Every structure is written in C-alpha cells, then in structure tokens.
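The structure under discussion appears below in the form of structure tokens.
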Amino acid sequence: MALGFNRLLLRQFEKKSLNTLAAPVVAAAAQPSSLNLLIEKQQFGDTVGDIKSKTTKKTLDFDDGGKLFRSVTTGKLLRSMVNQQMASYEPIVDIGIWVMRSRLVDTRIIRELIMSVVKHTFYDHFCAGENLDEARRTLQKLWDGGLKGIMDYGLEDATDNASCDRNFKEFVKTIETTKLLPPSSVSYACVKITAICPISLLKRVSDLLRWEHKDPSFHLPWKVDTLPMLSDSSPLYHTLNRPDPLTPAEEHDLHQAHQRLLKLSEKCLELNLPLLVDAEYSSVQPAIDYLTYSTMIRINRNNTPIVYGTIQAYFKDAKERLIQATEAAEKMGIVLGLKLVRGAYLSSESQLANSLGFASPIHGSIQETHACYDECASIMLEKASKGTGAVVLATHNIESGKAAAARAEGLGLEKSNEKVQFAQLKGMADGLSFALKNAGFQVSKYLPYGPVEMVIPYLLRRAEENKGLLSASTMDRKLMSNEIKRRLKAVVMRHKAEENMPPTNH
C-alpha cells in the first residue's frame with residue numbers, strides 16, 4: 001500500500017511539474033521566434049554566461065541538450081529534476097533527519113512506510129541498490145550510456161575488530177564481483193578506513209601523529225614508511241596535550257587494520273582495479289592518510305597507481321599537504337594517486353574549532369575553496385602528464401570541470417589516459433558527466449549501495465553536513481529543465497504541423 005501511495009504521490013508531483021514546464025511552451029507555440037527566446041531566458045536566466053565557454057575553443061559543450069541527454073528518457077529526466085528539487089529543499093532534509101532520529105521509526109508499520117517512501121524516491125535516485133545484484137544492474141545501465149561506475153558499499157563506522165572483519169569481507173566481495181561485470185565498466189572500488197579500523201583507534205593514532213609533528217623527537221615505534229600527512233598549516237588543536245603511547249593491544253589492532261587495507265589493495269592489484277580510500281573528518285584524517293600512504297608505498301609500483309588517497313580542498317592546508325605528498329612520492333619513485341573533492345564536513349569542522357577557541361580549518365569562502373580545488377587539480381594533472389601522478393577529479397562544479405578539462409587538453413593528456421578521470425555522485429551533476437563523456441574523457445558515477453536501513457542513515461548524515469550541496473545543483477536542474485522544454489516544444493510543433501497538414505485524397 002505504501003508503495004502504491006508513494007508512486008501516486010510522485011506521479012502527481014511529476015504531472016504538476018510537467019504542466020508548469022509545458023504551459024509557457026504551449027502558450028508561445030504560435031510564435032516560434034518568441035518561443036526560442038522564452039526557452040533560452042527561462043532555462044538560463046542570468047547564468048547563461050556560466051554555461052558558455054570563456055575561451056574560443058570549447059572543451060565541453062553544454063548547449064546541445066539533445067546530445068547531452070540523448071541516453072536519458074524524458075521520464076527519467078523529469079524524475080531526476082523532481083528528486084533533486086525536493087532534496088535541495090532544506091525543510092525536507094530537516095524533517096527526514098528528525099523522523100529518522102525520532103521514536104517513530106521504532107513502530108514497525110510507520111518504519112516500513114517511511115522506508116518505502118524514501119526508497120522509491122531519494123534512495124532510488126542517489127543509490128545503486130540494496131545488494132550487489134541490484135548494483136550490477138544499475139552499473140549496466142550506466143555502462144550502456146557510456147559512463148563507468150565506482151562501487152561504493154555504504155558501511156558504517158566500525159567499533160571493534162569483529163565489525164572490522166565483517167566489513168572487510170564485504171569489501172572483498174565487492175571487489176571480487178567486478179570480475180563478473182563488463183570489462184572496464186568499473187573504474188574503481190572504494191573503501192572507508194573507518195569501516196576496517198575501530199574509530200577510537202583512528203583518533204588515538206591521529207593524536208600521536210599530530211604530536212609527532214609538533215615534536216619530531218616524539219618516538220612512534222609502530223610507525224612504518226609513509227608520505228607526509230601534516231603540514232605546518234594543518235589543524236593541530238585536536239591534540240592539546242601529549243597523548244599516551246599505544247598499548248600493546250592497540251598496536252596489535254593497528255597492525256590488523258593495516259593488514260586489512262593491504263589485502264584489499266593486493267586483491268585490487270591482481271584485478272588491476274584501483275582502490276579509492278575515502279576521506280573523513282579532520283580528527284581522524286591523519287591516521288587515514290598514514291594507513292593509505294604507507295600502503296601506497298608498497299602497492300603503487302611499476303608505474304601502476306592502485307591505491308588512491310583523498311584530498312579535501314576546503315581545508316586551508318590542502319594544497320600544501322598535496323605538494324608535500326607529491327614531492328615525497330616522486331623521490332621514492334611512487335605514482336601518487338589522489339582523489340580531489342571539496343569536502344563533506346564543513347559545519348562540524350568549523351563548530352569544533354570554534355568550541356576549542358581556534359580559527360576554522362576551512363577556507364573562509366566558497367570562492368577560496370573553488371580556487372584551492374582548481375589549483376590542486378592543475379598540479380595533479382601536470383603530475384599525470386609526467387607520469388608521476390594519477391588523479392580522480394570528483395566534482396559537481398561545472399566551472400571546475402571546464403577548467404580541468406581545458407588544462408588536461410593544454411597539457412596534451414590523452415583523454416583515454418586512465419590516470420585522469422572525472423567522477424560525480426549518482427543522481428548529481430548528470431549534465432557535467434555527459435558533457436565530459438561526450439568530450440572523450442573518462443567519467444564515472446559513484447554507486448553507493450546497501451540495505452535501505454543501513455544506507456539511509458548514512459545519506460541523512462551526509463545531507464545534514466552538506467545542506468548547501470544539493471541546493472548548488474541549480475545549474476544541473478536548469479540543463480535538464482531546458483532539455484525537457486526542448487522535447488515538449490518538438491512535440492507541440494509536430495502536433496501543430498500535423499493539424500495544418502491538408503487531408504490526404506484516397
């Protein structure tokens with residue numbers, strides 16, 4: 001019953017949205033010249049300059065909606081636009097978070113109703129499925145449309161070795177499943193260190209690494225070769241007092257976590273499948289980088305980047321840490337693989353720093369974050385052109401996508417080069433994904449999957465941290481809206497032409 005109600009609700013919402021889009025098209029159908037002006041004005045408004053290339057030669061083309069969305073049905077375009085619109089409305093996100101944390105979900109009937117509604121709207125839009133079989137079907141559809149997939153099993157933070165071992169087995173299963181998929185359809189697998197190492201241990205190790213940076217004479221007997229994780233501008237306020245050394249039990253658990261990551265990396269090396277290590281909040285990121293970089297030193301040999309770390313460009317120290325890591329990797333003869341993102345914990349990072357009486361580690365404006373991202377992207381593209389680096393440009397920002405594409409072409413990078421790839425989340429920035437793909441670049445979609453009960457809380461937390469993210473998808477919605485209007489116009493004009501055709505004599 002819940003599913004039927006939900007589908008009826010969505011159909012009504014789609015019908016209302018369709019009528020809203022169709023009305024001005026039908027009204028202007030009798031005046032084709034004014035119709036063209038109306039469509040351009042309604043689609044782009046004051047932002048048309050953001051879409052058009054600033055250079056004479058355009059690397060990416062966003063103007064031809066028919067070409068951009070040729071593999072997407074009108075129904076899917078409309079659903080995508082509706083889901084993004086709803087998800088960008090903060091009250092809906094706030095209500096969803098409140099409901100999931102309330103006692104309402106303790107009532108079985110209400111919980112089933114909520115899960116059904118969420119599953120057939122936001123979950124289906126942003127996630128690949130509840131299990132590997134569903135994720136494979138989603139991947140196949142992407143592959144048919146010319147895009148690759150990044151398999152991302154949505155596991156929660158681990159609290160002990162038992163949960164770490166369970167999560168490790170699930171990651172192995174995901175990696176091994178890629179052998180059954182179309183060749184080259186999966187570009188990367190993902191792993192969250194917080195799922196294979198107890199979160200409390202990651203905090204302890206991060207404290208010790210920060211203190212070592214403050215005091216180089218501070219000895220860490222368990223530490224192995226790695227790349228620089230912290231810079232002089234890195235936030236160190238998490239560790240205000242000298243931390244106690246790891247206990248023998250903690251050292252054992254750290255070794256176990258390192259072995260899990262090594263085994264996953266070795267499995268990926270066997271399959272020639274790169275492994276992306278996700279970034280987290282700054283209180284545990286030094287430990288994540290330590291495990292990632294030390295594994296990278298052992299695996300990324302012979303010009304083969306298998307293990308990729310992640311740099312979050314909204315941190316003030318991002319560029320400095322990236323430069324330190326690239327220089328150290330080059331001296332060691334290692335191909336440094338990095339995924340570049342803007343960041344996912346803006347609110348909590350600033351609140352924590354403020355509560356401790358320190359300045360926020362995040363850039364003071366979104367423009368500064370954009371500039372840092374583009375500078376880091378330029379550096380990594382140059383490393384890729386020299387063969388000493390590999391980069392995944394994970395961005396939903398059209399301007400960053402255009403800048404990186406132009407920079408790659410300027411450096412003479414082959415678009416088939418596997419060391420340069422772009423990525424966006426499933427259900428986000430489809431216009432950018434298709435524009436990059438049409439230009440010949442390697443493009444992937446993140447495919448988070450897992451049971452609804454497990455993934456929905458994760459998505460809600462991401463939504464809470466990124467309330468501005470989906471509202472920033474306005475341009476993508478405008479691109480989809482324009483294409484729907486173009487298709488509606490074609491239908492209206494064809495129907496009008498048929499009405500004016502003279503009757504056929506028999």
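Just so it is clear, the values below take in all heavy atoms, side chains as well, and ignore hydrogens, waters and symmetry mates. Everything numeric here is computed off the predicted structure, so don't read it as measured data.
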Which heavy atom in [X] sits nearest to a heavy atom in [Y], and how many Å separate them?
| X | Y | answer |
| --- | --- | --- |
| A408 | F441 | CB-CE2, 4.0 Å |
| Q424 | A429 | CG-CB, 3.9 Å |
| S400 | Y373 | OG-CD2, 3.9 Å |
| S444 | Q421 | OG-OE1, 3.8 Å |
| Y293 | L338 | OH-CD2, 4.1 Å |
| L340 | C376 | CD1-C, 3.6 Å |

Heavy-atom donor-acceptor pair, [X] side chain to [Y] backbone, under 3.5 Å:
| X | Y | answer |
| --- | --- | --- |
| D207 | P243 | no |
| D317 | P235 | no |
| T304 | N302 | yes |
| H125 | G427 | yes |
| E349 | Y281 | no |
| K445 | L425 | yes |
| D476 | G431 | yes |
| N300 | I306 | yes |
| S378 | E375 | no |
| S163 | D160 | yes |

Crowding at [atom1], [X] (>12 non-hydrogen neighbours, <6.0 Å):
| X | atom1 | value |
| --- | --- | --- |
| I109 | CD1 | no |
| R301 | CZ | yes |
| E414 | CD | no |
| K148 | NZ | yes |
| D133 | CG | yes |
| K415 | NZ | yes |

Report yes if the side chains of [X] and [Y] come closer than 4.5 Å at any heavy-atom pair, otherwise no.
| X | Y | answer |
| --- | --- | --- |
| H238 | S206 | no |
| K263 | F168 | yes |
| Y188 | D152 | no |
| R407 | V420 | no |
| L132 | M151 | yes |
| D430 | V72 | no |
| E250 | R204 | yes |
| V277 | Y308 | no |

From [X] [atom1] over to [Y] [atom2], what is the distance, rounded to the nearest 0.5 angstrom?
| X | Y | atom1 | atom2 | result |
| --- | --- | --- | --- | --- |
| L479 | E483 | CG | CD | 10.0 Å |
| H255 | H258 | NE2 | NE2 | 9.5 Å |
| Y345 | S283 | OH | OG | 9.5 Å |
| I297 | I334 | CD1 | CD1 | 4.5 Å |
| L236 | L209 | CG | CG | 11.0 Å |
| K76 | M480 | NZ | CE | 11.0 Å |

**OP:** Test side-chain hydrogen bond (donor to acceptor under 3.5 Å, both in side chains) on S231 and S234 and set out the steps.
**Re:** CA-CA 5 Å; S231 72; S234 294; 3.2 Å; yes
**OP:** Apply the side-chain hydrogen bond (donor to acceptor under 3.5 Å, both in side chains) test between T239 and each candidate in H213, R210, K203, E212; give the one that qualifies.
**Re:** R210
Original post:
Does the salt bridge (Lys or Arg N to Asp or Glu O under 4.0 Å) test come out yes or no for D124 and R79, once each step is laid out?
Top reply: CA-CA 11 Å; D124 282 350; R79 282 175 177 266; over 6 Å; no
Original post:
What is the ring orientation for Y153 with Y449, classed by angle as parallel under 30°, tilted 30 to 60°, or perpendicular over 60°?
Top reply: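 Because their plane-to-plane angle lies in the 30° to 60° range, the rings of Y153 and Y449 count as tilted.
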**OP:** Take T310 and D278 through the test side-chain hydrogen bond (donor to acceptor under 3.5 Å, both in side chains) and record every step on the way to the result.
**Re:** CA-CA 6 Å; T310 300; D278 284 342; 4.9 Å; no
Subject >> L336/K383 under side chain to side chain contact (heavy atoms under 4.5 Å, CB included): CA gap, chis, key distance, verdict >> reply: CA-CA 9 Å; L336 178 69; K383 299 298 181 184; over 6 Å; no
Subject >> side chain to side chain contact (heavy atoms under 4.5 Å, CB included) between T369 and L346, worked out >> reply: CA-CA 11 Å; T369 296; L346 189 151; over 6 Å; no
Original post:
Below 4.0 angstrom, N of the basic side chain to O of the carboxylate: do E170 and K173 qualify?
Top reply: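 Yes, charged N to carboxylate O under 4.0 Å.
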**OP:** Identify whether the distance between the nearest side-chain nitrogen and carboxylate oxygen of K192 and E280 falls below 4.0 Å.
**Re:** no
Subject >> Test log, rule side chain to side chain contact (heavy atoms under 4.5 Å, CB included), inputs H396 and R342 >> reply: CA-CA 10 Å; H396 300 119; R342 274 170 171 74; over 6 Å; no
**OP:** Output, in order, the C-alpha distance, side-chain angles, deciding distance and verdict of side chain to side chain contact (heavy atoms under 4.5 Å, CB included) for E130 and Y123.
**Re:** CA-CA 9 Å; E130 293 199 66; Y123 181 91; 3.5 Å; yes
Original post:
Picking from T178, N131, L181, what satisfies side chain to side chain contact (heavy atoms under 4.5 Å, CB included) with R136?
Top reply: L181
